[in-house]
Amino acid sequence: MRKLTLMNKTGSNINYAAQCLREGKLVAFPTETVYGLGANALDPIAVARIFAAKKRPSFDPLIVHIASLDEIPRLLANPIDERVVKLAQAFWPGPLTIVHKKSDLIPDIVTSGGSTVGIRMPSHPLALELIETAGIPVAAPSANTFGQLSPTTAAHVAKQLQDVDYILDGGATQIGIESTVISLQNGFVEILRPGAITLQQISKIIPEVRMSGEYSSIKNLQSPGLLKSHYSPRKPVYLHNMFPGTVDDQTGIIAISQFSKVPASNHTIYLSEDGDLIQVAANLFSAMHHMEENPDVKQMFIEAVPEVSIGIAIMDRLRKAAFQYLPETS
Ligand code: TXA
Ligand code: MG
């Protein structure tokens, strides 16, 4: 009898996942935000496989995930901005990515040839254990096909990506939208991508922080998470008040809660019990995946949320999901 050496592709074997990473293979793993598609950040060939598996353009740099503050000195160039330590102490482990000038140890492919690298210490216990066991920094973008919906479960990853060696299953992620990206560059402290850690929270630690002035176009690319169209399901998405047609039986409705004043349809998902925006964020991508997968739904209609605290990050993702269906003037 032939010996069975193939592992099941999805599972909870951290030692195997860590071994895959050390061997230059790709491992999808849960973080507290979304699932990441990880590879050894110090191995350019392994990192190249991430770009191929995601069909990600090579100009979009990757975040390097660490499990210990001791990694910082070898990943960042000297002198290290003292605000890195302040931010790390305040928000790590957690959903904050810090962009800073990189050290020579980081291969250029990780940073798309740029001189800066984004680093983050995730708080998900499986992510921390995986990185620790592997003993290497792990480059990981969200584990979706480029431009499509971010994955908040192992099944979302399996649906989109074929070329993954192992999917470490940790159930649904808790926060549900990607980390806040903050850049410490050229004397400025800017939020490049809004996330669960808000401007207000950061300004208590670093008063000079500001939102990135302009959401860049592809020509003036600071951070492709800032592209106007991103995080999109493969079906039309309309924001509340911008819906051109009538709601029919083929329209999915994604509403904040059952108390929302939105039209009813056969396919309605409520994102929270009573409007709590943390719950809305946690369930948002999952609801869009659900509508994407439902063959009876041809288009979806999503209720806008108030742009306060995590609502800023939610509306950022919603506008990008709906971008190609927004009226020209908006
Ligand atoms: O929550 C998250 O951040 C998840 C989990 C897996 O950690 N990761 C994630 O990675 O969302 P990704 O690649 O999908 O999004 C990272 C964003 C991109 O918009 C990228 O352009 C930006 O961060 N980014 C990464 N490195 C950067 C750098 N050096 N300068 C500017 N932007 C950078
Ligand atoms: Mg992404």
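Below, each value reflects all heavy atoms present in this structure, side chains not excepted, and no hydrogens, waters or symmetry copies. In this text, all values refer to a predicted model and were calculated from it rather than measured experimentally. Order of listing sets the numbers, starting from 1, for every ligand and every atom in it.
Every atom of ligand 1 is numbered from 1 in the order shown, and the set under 4.0 Å from a heavy atom of Ile63 is 3 (O), 8 (N), 9 (C), 10 (O), 16 (C). Less than 4.0 angstrom separates some heavy atom of Asp60 from each of these atoms of ligand 1: 18 (C), 20 (C), 21 (O). The distance from ligand 1 to the heavy atoms of Gly36 drops below 4.0 Å at these ligand atoms: 6 (C). Those atoms of ligand 1 with a heavy atom of Thr33 less than 4.0 angstrom away are 1 (O), 2 (C), 4 (C), 5 (C). Near Leu192, with a cut-off below 4.0 Å to any heavy atom, the atoms of ligand 1 are 31 (C), 32 (N).
Between the side chains of Glu190 and Ser212, no donor N or O sits under 3.5 Å from an acceptor N or O.
Considering NZ of Lys298 and CE of Met291, their distance stands at 13.0 Å, rounded to 0.5 Å. Here the CG-CD distance, from Asp316 to Glu307, works out to 9.0 Å after rounding to the nearest 0.5 Å.
Residue contacts with ligand 1 for Thr111 are absent, since no atom lies close enough (heavy atoms, distance under 4.0 Å). Of the heavy atoms in Val181, only side-chain atoms (C-beta onward) come closer than 4.0 Å to ligand 1.
For ligand 1, the polar-atom distance check finds no N/O of Lys54 at less than 3.5 Å from any of the ligand's N/O atoms. When only interatomic distances are considered, the shortest N/O to N/O separation between Tyr35 and ligand 1 does not fall below 3.5 Å. Close N/O approach between Thr116 and ligand 1 is found [any backbone or side-chain N/O within under 3.5 Å]. Any N or O atom pair closer than 3.5 Å counts here, and Arg56 shares at least one such pair with ligand 1.
Arg120 has no carboxylate O lying under 4.0 Å from a charged side-chain N of Glu178, or vice versa, which leaves the two without a salt bridge.
Taking the six-membered ring for Trp and thresholds of 30 and 60 degrees, His289 and His156 have nearly parallel ring planes, at less than 30 degrees apart.
Contact of the Ile119 side chain with the Pro137 side chain is not registered, since no non-hydrogen atoms from C-beta on lie closer than 4.5 Å.
Counted within 6.0 Å of CD on Glu208, heavy atoms from surrounding residues, nucleotides or ligands total more than 12; the atom is thus considered enclosed.
Contact annotation: His65 has at least one heavy atom less than 4.0 Å from an atom of ligand 1.
Here Tyr166 and Tyr16 bring their ring centres to under 6.0 angstrom of each other.
Inclusion of Ser150 in the first shell of the Mg ion (ligand 2) is not supported: no N, O or S atom falls under 2.8 Å.
Considering each of Pro141, Ser179, Ser183, Gly38, the one bringing a non-hydrogen atom nearest atom 2 (C) of ligand 1 is Ser179.
Note that Arg210 lies in the cation-pi zone of Phe188, set by a 6.0 Å cut-off to the ring centre and a 45° limit from the axis.
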